[in-house]
Amino acid sequence: MIKALHSRKKPKKIRSLFKRYLLVSPLALLFFACGDPASSRLSLPALSGEIQVDGRIDEKTWERAWILEGLISPWPEEKNNDQTTFRAFVSPTHFNFSFEVRDNSLTTVAFQNEASVEKEDRVELFFSSDTTLARYYCIEIDPNGNVLDYSAAYYREFDPTWDFTSKELAARITDTGYLVEGKISLDELSELGISFPFYLGIFRADFKPAPDETVTWFSWKKPNSPTPDFHIPSAFGETVRME
């Protein structure tokens, strides 16, 4: 290949390839500059207002939040189009977030304990101080507001007895799916070693009711895994605060 490119016998072809490069290169640069929003970092606005967690997200503050429209199902066999809208911002005392999920086949089970949430539709947030995932913290919330939260260490060493102590959550089922609103104290996150910049995973599980009983996993970015797995560094994205 190197000899072919540097051969003196085909200068016209070389010039032709060079011209093509000049034409294509700007398009390639434009493509990579725009890129997939899911590969970008989260830049959370720091806003002055505190929210009331009621599952309504009708405060004006939410209009200025960072917005992600649509998660992705990263694995080849999963072609579903997601219409989740995720919002987040930082207030003086809290990390604030909401999920508006479109889902016409809600799947829930009777809540008995936190493990019940593993069998349901849900949204998930994972927090880590860095990409080593030496210790990270997870919260998973179903359409009724039931919660599974736990700490973990890479790889898949879970402590189900651990809980966020400052979480405030509200959820409600809507005409088109469900909505989850919540906030977690910045002081608690700081005590856990989670301070800006940190790494965040944003996920959703969509279970299909019987007789199908399958689950589609959605993420804000594509993890580097051939099978569904969010407990790996590539599932997290850098998160910074915009002052």
Side-chain angles (χ1 to χ4, degrees), residues 32-74 81-103 122-131 136-141 149 164 166-172 174 176-190 192-205 217-223 230 233-243:
F32 285 111
C34 295
D36 180 352
S39 66
S40 305
R41 66 181 182 178
L42 286 79
S43 298
L44 302 185
L47 305 178
S48 59
E50 295 289 351
I51 62 168
Q52 179 181 351
V53 179
D54 55 10
R56 298 291 170 185
I57 64 167
D58 52 6
E59 293 97 335
K60 289 291 185 181
T61 308
W62 280 116
E63 297 177 2
R64 300 166 58 197
W66 185 87
I67 298 176
L68 172 67
E69 293 186 314
L71 304 176
I72 59 173
S73 52
N81 293 320
D82 180 73
Q83 298 182 62
T84 299
T85 300
F86 174 78
R87 296 177 173 87
F89 70 93
V90 180
S91 60
T93 59
H94 287 84
F95 171 87
N96 307 272
F97 64 91
S98 67
F99 290 84
E100 284 186 275
V101 179
R102 287 185 175 271
D103 188 343
R122 61 186 183 273
V123 293
E124 308 177 0
L125 290 176
F126 294 1
F127 299 81
S128 180
S129 61
D130 55 41
T131 56
Y136 59 104
Y137 307 91
C138 310
I139 186 165
E140 307 185 9
I141 310 151
D149 49 355
F164 280 106
S166 67
K167 61 181 180 285
E168 295 182 46
L169 302 167
R172 63 185 177 91
T174 67
T176 57
Y178 63 100
L179 185 146
V180 171
E181 180 185 30
K183 63 182 181 181
I184 298 172
S185 165
L186 293 177
D187 286 343
E188 179 177 14
L189 291 175
S190 179
L192 298 172
I194 309 297
S195 57
F196 292 97
F198 63 85
Y199 288 81
L200 186 69
I202 307 168
F203 314 115
R204 178 168 88 88
W217 300 97
F218 292 97
S219 173
W220 82 292
K221 59 182 300 187
K222 183 178 181 179
F230 297 149
S234 59
F236 291 68
E238 186 181 27
T239 304
V240 299
R241 172 167 29 192
M242 295 189 305
E243 299 295 345

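Throughout, residue positions are numbered sequentially from 1 according to the sequence presented. Only heavy atoms go into these numbers, but all of them, side chains included; no hydrogens, no water, no symmetry mates. Please read all numbers here as calculations on a predicted model, not as lab measurements.
- At least one side-chain heavy atom of E188 sits under 4.5 Å from a side-chain heavy atom of F164.
- The CG atom of L189 sits 9.5 Å away from atom OG of S195, with the distance rounded to the nearest 0.5 Å.
- Atoms CZ and NZ, from F230 and K221 in turn, are 12.5 Å apart once rounded to the nearest 0.5 Å.
- Checking side-chain atoms of S128 against main-chain N and O of T131 turns up no donor-acceptor pair under 3.5 Å.
- Here the closest heavy-atom approach between residue W66 and residue S43 is recorded as CD1-O, 3.3 Å.
- When all heavy atoms are compared, the tightest approach of A205 to W217 is CB-CZ3, 3.4 Å.
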Return all side-chain donor-acceptor pairs below 3.5 angstrom for residues 44-60, not counting sequence neighbours, or 'none' if the list is empty.
unit_1	atom_1	unit_2	atom_2	d
E50	OE1	S91	OG	2.8
E50	OE1	T93	OG1	3.4
E50	OE2	S91	OG	3.2
E50	OE2	T93	N	3.1
E50	OE2	T93	OG1	2.7
D54	OD1	R56	N	3.0
E59	OE2	Q52	N	3.0

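- Ring geometry for F126 versus Y136: interplanar angle of 30 to 60°, hence tilted.
- Other residues, nucleotides and ligands place no more than 12 heavy atoms under 6.0 Å from the CZ atom of R102.
- With contacts defined as side-chain heavy-atom distances shorter than 4.5 Å, the pair E181/W62 qualifies.
- Closest non-hydrogen pair, S129 versus G193, comes out as CB-O, 3.2 Å.
- To the nearest 0.5 Å, the span separating NE2 on H94 from CG on L186 amounts to 7.5 Å.
- Side-chain contact between T84 and W220: absent, with no pair of heavy atoms (C-beta onward) separated by less than 4.5 Å.
- Between L125 and I184 the shortest side-chain heavy-atom distance does not fall below 4.5 Å.
- By the 4.5 Å heavy-atom criterion applied to side chains, F218 and S73 are counted as neighbours.
- The two residues A65 and A88 come nearest to each other via the heavy atoms CB-O, 3.5 Å.
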Task: Trace of the side-chain contact (heavy atoms from CB on, under 4.5 Å) decision for I194 with F95 - done: CA-CA 11 Å; I194 309 297; F95 171 87; over 6 Å; no
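- Counting heavy atoms from C-beta outward, F236 and D130 have side chains that stay 4.5 Å or more apart.
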TODO: Take Q83 and T176 through the test side-chain contact (heavy atoms from CB on, under 4.5 Å) and record every step on the way to the result.
DONE: CA-CA 10 Å; Q83 298 182 62; T176 57; over 6 Å; no
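- A distance of 10.5 Å separates CE in M242 from CZ in F196, rounded to the nearest 0.5 Å.
- Proximity of I141 to Y178: side-chain heavy atoms (C-beta onward) are nowhere separated by under 4.5 Å.
- Rounding to the nearest 0.5 Å places NZ of K183 at 13.5 Å from OG of S98.
- Under the side chain to side chain donor-acceptor pair (under 3.5 Å) criterion, R241 pairs with E243, sequence neighbours left out.
- Aromatic ring orientation, F86 versus F97: parallel (interplanar angle below 30°, classes split at 30° and 60°).
- Remark: the D187 side chain and the S185 side chain contain no N/O donor-acceptor pair separated by less than 3.5 Å.
- Atom-to-atom distance recorded for F99:CZ and I202:CD1 is 6.5 Å, nearest 0.5 angstrom.
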TODO: Applying side-chain contact (heavy atoms from CB on, under 4.5 Å), run through T61 and N96 and close with a yes or a no.
DONE: CA-CA 10 Å; T61 308; N96 307 272; over 6 Å; no
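- A salt bridge links R87 with E100: the distance from a Lys NZ or Arg NE/NH1/NH2 to an Asp or Glu carboxylate oxygen falls below 4.0 Å.
- Counting only heavy atoms from C-beta outward, the side chains of F127 and L200 approach each other to under 4.5 Å.
- Considering only residues two or more places apart in sequence or on other chains, E140 meets the side chain to side chain donor-acceptor pair (under 3.5 Å) condition with R122, Y150.
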